[in-house]
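Taking it in order: structure first as structure tokens, then the write-up.
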Protein chains: 2
Amino acid sequence: MPLKPNETRLRAPSARSLETRTRIVDAAERLFAARGYDGTSMRDIATEADVHVGLVSHHGGNKIALFHYTVGRRAGELSQRRVDALEQMKAKGDLTVADVLRCFVDPLLTLSQEGGPQWRAYARLVAYVSADDRWRTLAEVCFDPAAQKFVDELVALKPDRSRALAAATLVYTVSALLAQITSSWRIDALAGERSIRFQQHRKMLLDFCVAGAERLLD
Amino acid sequence: MPLKPNETRLRAPSARSLETRTRIVDAAERLFAARGYDGTSMRDIATEADVHVGLVSHHGGNKIALFHYTVGRRAGELSQRRVDALEQMKAKGDLTVADVLRCFVDPLLTLSQEGGPQWRAYARLVAYVSADDRWRTLAEVCFDPAAQKFVDELVALKPDRSRALAAATLVYTVSALLAQITSSWRIDALAGERSIRFQQHRKMLLDFCVAGAERLLD
DNA sequence: CCTTGTTTTGAACGTATGTCCAATATACAC
DNA sequence: GTGTATATTGGACATACGTTCAAAACAAGG
């Protein structure tokens with residue numbers, strides 16, 4: 001996916017230029033994730049990236065193109081990790097419903113926790129895009145292909161159940177996953193405890209979703 | 001909760017004035033729900049309400065006050081319906097975990113489907129506020145008191161389990177509920193079916209969440 | 001009808017926005 | 001070095017924003 005569409009160049013971008021590009025997109029990622037599309041101005045991005053305003057347009061195209069690129073940049077890697085995990089699990093032997101959900105949930109959950117601040121920001125961005133109807137087609141392009149594969153896998157595992165049940169399972173699981181990423185503080189607040197450990201959160205999330213999935217599909 | 005704080009009047013507002021107020025807040029509710037806070041301008045609201053720009057400020061105060069009021073306006077009624085459902089269920093006999101979740105989920109789910117277009121918009125607004133960290137304290141004020149009661153109820157039902165498990169149960173359930181409201185089209189899309197019936201969606205949601213809750217709490 | 005308080009209008013304020021363009025600076029091929 | 005394509009700067013553009021205010025229209029009590 002090109003940063004600017006129809007970009008015809010005679011020379012390859014310099015190393016410095018590529019670094020600037022990255023700084024701009026990283027800044028956009030953080031701000032779009034934190035404040036949303038409308039809450040983030042091109043000037044905010046320029047300031048965050050420590051760069052002149054015109055440069056944001058020069059490297060990222062107009063605002064909406066930059067947003068699309070920012071969302072799409074890591075979408076491929078995320079999907080790849082999910083599908084890879086699924087393939088590896090399949091190679092090991094027969095799949096269970098729990099395996100399928102784990103392969104879908106774990107990559108984003110782990111990256112958001114241990115993939116550094118940019119992946120943490122990106123996970124929030126995924127939640128933002130998934131929640132807003134305005135980005136519906138963008139979300140379909142970026143995330144639905146992988147999601148379809150996982151629904152297919154669930155259907156293959158439980159061929160006597162309707163596809164609607166598998167689809168609902170995945171959507172509820174995604175929503176709980178994104179809630180875990182964006183609102184784990186809320187669980188802590190309602191629990192009256194201070195910052196429950198990550199592995200405990202992960203276990204609760206997977207237990208909840210696996211049980212729900214088995215109820216719908218068994 | 002007053003629309004404008006510290007409003008000192010010598011006369012009661014006229015019927016026409018009250019109707020204008022309602023038109024403005026209803027318009028704000030629709031637009032804030034559809035486009036978010038930053039995506040909605042005061043002029044958008046004025047146009048949607050078919051009213052002069054200055055009137056929005058006059059009736060609603062500044063933008064943030066209007067937003068707070070819009071979110072808060074139906075929060076009380078929603079919480080009341082939830083708590084009422086819980087009390088009625090308790091009066092009937094011993095509660096189950098499934099009962100508690102149903103009492104929490106059903107009011108918003110039913111209102112969003114059968115409460116008219118304004119409640120449908122409000123349900124989306126709740127999802128928007130719940131998802132965005134920026135409205136964290138607003139969400140706490142509007143929704144946490146009722147949520148706490150439901151966590152308390154789960155804890156009372158399963159006193160040997162940690163409060164963190166009950167809190168996680170409720171957060172995951174809320175996220176799935178909001179996903180159901182805002183993204184049921186996504187379930188349909190992944191399922192490859194056209195508009196599954198509301199009652200079927202409701203049953204899938206409750207089955208999923210109840211199973212997850214029982215796994216975490218039993 | 002006239003007074004008084006409220007609702008509505010019209011229009012302006014300063015500021016922020018996205019986008020664009022001429023200019024300068026930089027990097028690289030020859 | 002010289003020339004050329006790219007990267008960066010500075011600054012402008014029209015438009016949109018939230019907010020404010022004086023004046024006009026309105027409602028109601030005396």
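Reckoned from all heavy atoms, side chains included, excluding hydrogens, waters and symmetry mates. Throughout, protein chains are lettered first and strands after them, A, B, ... in sequence-line order, and every chain is numbered starting at 1.
- With salt bridges taken as basic N to acidic carboxylate O contacts below 4.0 Å, one links A:R102 and A:D99.
- A salt bridge is absent between B:D26 and B:R30: the closest approach of a Lys/Arg side-chain nitrogen to an acidic carboxylate oxygen does not fall below 4.0 angstrom.
- Side-chain contact between A:R73 and A:Y122 is absent, with no heavy-atom pair separated by less than 4.5 Å.
- Of the candidate nucleotides D:dT20, D:dT9, D:dA7, D:dT9 has the atom nearest to the side chain of A:H52.
- Side-chain contact between A:V126 and A:R74: absent, with no pair of heavy atoms (C-beta onward) separated by less than 4.5 Å.
- Rounded to a whole Å, the CG atom of B:N62 is 5 Å from the P atom of D:dT19.
- Taking side-chain N and O atoms only, A:T20 has no distance below 4.0 Å to OP1 or OP2 of D:dA7.
- In the set D:dT8, C:dG18, C:dT7, the nucleotide with an atom closest to the side chain of A:L55 is D:dT8.
- Here the P atom of nucleotide C:dT17 and the CD1 atom of A:I64 are 17 Å apart, to the nearest Å.
- In this structure a side-chain-to-backbone donor-acceptor pair under 3.5 Å is present from A:Q180 to A:H201.
- The shortest distance between side-chain heavy atoms of B:R23 and B:V51 falls below 4.5 Å.
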TODO: Summarise how protein sits on nucleotides 21-30 of chain C as a single string, 5' to 3': B when a protein heavy atom is under 4.0 Å from the base, S for sugar-phosphate-only contact, - for no contact.
DONE: -----SBB--
Open item on the list: Test side chain to side chain donor-acceptor pair (under 3.5 Å) on B:Q148 and B:D144; report intermediate values, then the result.
Closed with: CA-CA 6 Å; B:Q148 283 286 3; B:D144 271 17; 5.5 Å; no
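- The backbone N or O of B:W185 lies less than 3.5 Å from no partner atom in the side chain of B:D188, so there is not a single donor-acceptor pair.
- Ionic pairing of B:D106 and B:R202 is present here: one or more N-O contacts between side-chain nitrogen and carboxylate oxygen are shorter than 4.0 angstrom.
- A heavy-atom distance below 4.0 Å to DNA chain D is reached by these residues of residues 36-49 of chain B, ordered by number: B:T40, B:S41, B:M42, B:R43.
- With salt bridges taken as basic N to acidic carboxylate O contacts below 4.0 Å, none links A:R163 and B:E193.
- The distance from atom CG of A:L18 to atom C1' of D:dT8 is 15 Å, rounded to the nearest whole Å.
- Interface residues of residues 21-31 of chain B facing DNA chain C, ordered by number: none; criterion, heavy-atom separation under 4.0 Å.
- Of the listed nucleotides (C:dT19, C:dT8, D:dA5), D:dA5 has the atom at the smallest distance from the side chain of A:L10.
- The listed nucleotides are D:dT19, C:dT19, C:dT7; the one nearest the side chain of B:H58 is C:dT7.
- Using a 4.5 Å heavy-atom cutoff, the side chains of B:Q113 and B:W119 are not in contact.
- Put simply, CG on B:L66 is 14 Å from C1' on D:dT19, counting in whole angstrom units.
- Between A:Y128 and A:F32, the distance separating the two ring centers is not shorter than 6.0 angstrom.
- In the set D:dA7, C:dT6, C:dT8, D:dA7 carries the atom at the smallest distance from any side-chain atom of A:R9.
- Phosphate contact (OP1/OP2 of C:dT7, side-chain N/O of B:S17, threshold under 4.0 Å): present.
- Counting only heavy atoms from C-beta on, A:V53 has its side chain closest to C:dT19 among C:dT19, C:dT8, D:dG10.
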